[in-house]
There are 2 protein chains.
Amino acid sequence: MDVTSQTLNLYQRVRADILSLELMPGERVTERGLESIFGASRTPARAALMRLETEGLVQRDGRGWIISPIDISEIRALAELREAVETAAIRLSIGRASDADIESLTELLESDHPAFDEEESVRAGGDFHVELAQLSGNKFLIEAVRNAMTRLERTRWLEVRTPEAREKAWQEHWQILEMVRLRNADAATTLCAEHIKGTNERLIDFLVSQRRRFKGNGLSIINNVETI
Amino acid sequence: MDVTSQTLNLYQRVRADILSLELMPGERVTERGLESIFGASRTPARAALMRLETEGLVQRDGRGWIISPIDISEIRALAELREAVETAAIRLSIGRASDADIESLTELLESDHPAFDEEESVRAGGDFHVELAQLSGNKFLIEAVRNAMTRLERTRWLEVRTPEAREKAWQEHWQILEMVRLRNADAATTLCAEHIKGTNERLIDFLVSQRRRFKGNGLSIINNVETI
DNA sequence: TATACCATAGTGGTATACCAATAAATCCAC
DNA sequence: GTGGATTTATTGGTATACCACTATGGTATA
């Protein structure tokens with residue numbers, strides 16, 4: 001485990017290791033295993049697992065626990081959820097967000113423009129959607145977006161494999177925000193929906209094409225191809 | 001506590017007592033209090049509180065716990081979330097649900113028609129929206145609806161105080177489902193959005209008018225009137 | 001009388017021992 | 001050697017003891 005900072009509690013450390021794929025999807029985890037690995041007792045280990053379960057990062061496997069496999073049907077469902085809540089958030093934002101708030105987010109986005117660093121780009125791309133939703137002022141919409149982005153975080157780096165893909169995503173973010181700034185709800189929501197769908201399709205295609213590499217290696221890293 | 005069935009675990013019993021308002025909104029609860037009241041140890045009591053926290057039924061108050069107050073601004077935000085996810089679920093359902101599934105839900109709704117019993121009506125009304133969302137086949141949309149209905153459950157009985165209100169709600173449910181059956185997405189989503197908004201407005205109006213009854217009695221039962 | 005201090009009781013946080021269930025491994029009979 | 005029964009190790013579930021912290025109420029002093 002490379003996350004060993006003393007300032008992070010057990011939950012935060014396990015979560016970071018899941019999101020960084022050091023704890024592999026499908027891998028079995030035990031409460032006593034976390035206890036010894038992270039140097040705490042079972043009580044915080046159990047609390048961490050229960051919390052991570054609500055975030056969809058771990059799940060029950062019989063009586064035990066596993067790191068949630070990456071599930072292609074879940075990814076498609078998350079895209080549908082995101083389209084619903086993010087477009088709703090945009091419509092509310094256009095009626096509610098102040099010019100200053102929009103301007104502030106624009107500056108934040110532009111400060112991230114030369115995001116040719118991959119890891120930085122993953123973070124910035126995920127944060128943008130949450131911050132865009134924040135303009136709506138609706139905590140449930142914000143939480144829904146944040147939750148979806150968490151569940152997608154382990155695959156999101158696949159969306160930004162190339163500098164071209166990163167630039168394309170940044171441009172789409174900028175265009176959405178520009179339409180919000182102009183208070184054009186229809187244009188903003190359409191752009192956002194297309195952005196989510198397009199990104200999702202490219203991600204699914206990549207996962208399906210790569211899936212056979214993992215197939216039968218003993219770990220169920222990528223699940224449920226279904227009828228893609 | 002009137003919920004003492006041996007078949008329910010501590011989490012289920014505490015949850016039932018919260019939803020039935022036997023544990024009052026704003027009331028302070030302690031882990032050792034639950035331990036003695038429900039005859040279990042602190043470990044399941046803590047687990048229950050953590051789970052109920054993610055459902056929004058309890059929340060932290062400093063280092064302690066309180067039963068979540070009924071928050072009017074939250075109720076409005078939940079209506080916005082519901083409009084987004086329930087209309088999205090309907091659009092997906094129209095493309096995906098089988099005639100048989102829709103017929104099955106119609107029969108279920110019609111079997112509840114003479115729902116002049118108040119408690120039964122609360123249950124049926126909440127279940128309908130979840131079951132309607134089920135037609136979408138998207139587990140995240142379903143879960144979002146279920147979660148919203150849970151958070152609203154303590155106030156939902158206020159929406160069905162009179163037989164007329166219950167009949168009105170039932171009729172609106174039936175009309176939405178009829179438009180789904182006819183695969184008319186625009187009509188179904190419009191009716192659903194209006195149903196959610198109308199129900200919500202009547203609920204908020206009632207809560208605001210009743211709020212002063214609770215004001216200053218030592219318990220913060222209803223919070224955050226804001227700019228209604 | 002008012003205020004500052006201190007003792008105390010009660011809180012959540014943690015560590016750990018014990019339990020029942022289960023799955024794996026081993027051993028014995030055939 | 002093989003199959004079945006039995007033992008054993010390991011799991012999550014639970015109860016509980018201990019800790020640090022905090023809020024509260026009483027008391028002593030200015």
Side-chain angles (χ1 to χ4, degrees), chain A residues 1 3-18 22-69 216-220, chain B residues 1 3-18 22-69 216-220:
Chain A
M1 304 300 148
V3 176
T4 52
S5 165
Q6 301 296 330
T7 64
L8 297 180
N9 61 27
L10 189 142
Y11 157 74
Q12 293 169 316
R13 291 160 69 192
V14 176
R15 187 177 190 275
D17 280 359
I18 293 173
E22 288 191 52
L23 289 171
M24 287 287 283
E27 183 175 343
R28 187 168 175 79
V29 287
T30 65
E31 298 175 0
R32 287 177 174 86
L34 296 183
E35 179 181 29
S36 58
I37 291 171
F38 293 96
S41 76
R42 276 183 69 202
T43 309
R46 284 178 61 81
L49 287 169
M50 287 189 283
R51 191 165 168 190
L52 291 166
E53 184 184 24
T54 68
E55 296 184 90
L57 297 181
V58 306
Q59 57 189 239
R60 309 308 291 240
D61 175 44
R63 294 188 10 265
W65 302 91
I66 57 170
I67 307 297
S68 292
N217 67 351
L219 290 179
S220 329
Chain B
M1 306 298 148
V3 177
T4 52
S5 166
Q6 301 296 331
T7 65
L8 297 180
N9 62 26
L10 189 142
Y11 158 74
Q12 293 169 318
R13 291 160 69 193
V14 176
R15 187 175 189 275
D17 280 358
I18 293 173
E22 286 189 54
L23 288 171
M24 288 286 284
E27 184 175 341
R28 187 168 178 76
V29 287
T30 65
E31 298 175 0
R32 287 177 175 86
L34 296 182
E35 179 181 28
S36 58
I37 291 172
F38 294 96
S41 76
R42 277 184 69 202
T43 308
R46 284 177 62 81
L49 287 169
M50 286 190 282
R51 188 164 168 191
L52 291 165
E53 185 184 23
T54 69
E55 296 184 89
L57 297 182
V58 306
Q59 55 189 242
R60 311 306 292 239
D61 175 45
R63 295 190 7 263
W65 302 92
I66 58 171
I67 307 297
S68 292
N217 67 350
L219 291 180
S220 327

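Within every chain, numbering begins at 1; the chains are lettered A, B, ... in the order of the sequence lines, protein sequences first and strands thereafter.
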Mind calculating the distance between CG (A/D61) and P (C/dA23) to the nearest angstrom? 10 Å
When only distance counts, do a donor and an acceptor, one from the side chain of B/R63 and one from the base of C/dG13, lie under 3.5 Å apart? no
Check every strand shown and say whether B/A40 touches a base, only sugar-phosphate, or nothing at a heavy-atom separation below 4.0 Å. sugar-phosphate
Can you check the B/L34 CG to D/dT16 C1' distance for me, whole Å? 17 Å
Please confirm whether B/R51 makes a cation-pi placement over B/Y11, using NZ or CZ under 6.0 Å from the six-membered ring centre and within 45° of the ring normal. yes
If only side-chain N and O atoms of B/R46 are considered, is one of them under 4.0 Å from the OP1 or OP2 phosphate oxygen of D/dG13? no
Check whether A/W65 forms a cation-pi arrangement with A/R28 (NZ or CZ under 6.0 Å from the six-membered ring centre, at most 45° off the ring normal). no
What is the distance, to the nearest angstrom, from the CD atom on B/E31 to the P atom on D/dA15? 14 Å
B/E35 CD to D/dT14 P, straight-line distance once rounded to whole Å: 13 Å
Separation of D/dT14 atom C1' from B/F38 atom CZ, nearest Å, is 18 Å
If the cut-off is 4.0 Å, is B/S41 near the phosphate of D/dA15, judged by side-chain N/O to OP1 or OP2? yes
Point-to-point distance, once rounded to the nearest 0.5 Å, from CE of B/M50 to CZ of B/R60: 8.5 Å
Return the value, rounded to whole Å, for the distance between atom CH2 of B/W65 and atom C1' of C/dG13. 11 Å
Could you report the tightest heavy-atom contact between B/G56 and B/S68, atom names first, then the distance? O-OG, 2.9 Å
Would you check if A/L52 and A/R15 make a side-chain contact, meaning some heavy-atom pair closer than 4.5 Å? yes
Does D/dA30 have a Watson-Crick or wobble mate here (both distances under 3.5 Å), and if so which one? C/dT1
How many whole angstroms separate atom CE of B/M50 from atom P of D/dT14? 12 Å
Hey, does the side chain of B/R32 come within less than 4.0 Å of C/dG10's phosphate (OP1/OP2), counting only N and O? no
Should the side chain of A/R42 and the base of D/dG13 be counted as holding a donor-acceptor pair, with the cut-off at 3.5 Å? yes
So what does B/T30 hit on the nucleic acid, given a heavy-atom distance under 4.0 Å: a base, only sugar-phosphate, or nothing? sugar-phosphate
From CG of A/L10 across to C1' of C/dT14 the rounded distance in Å is 12 Å
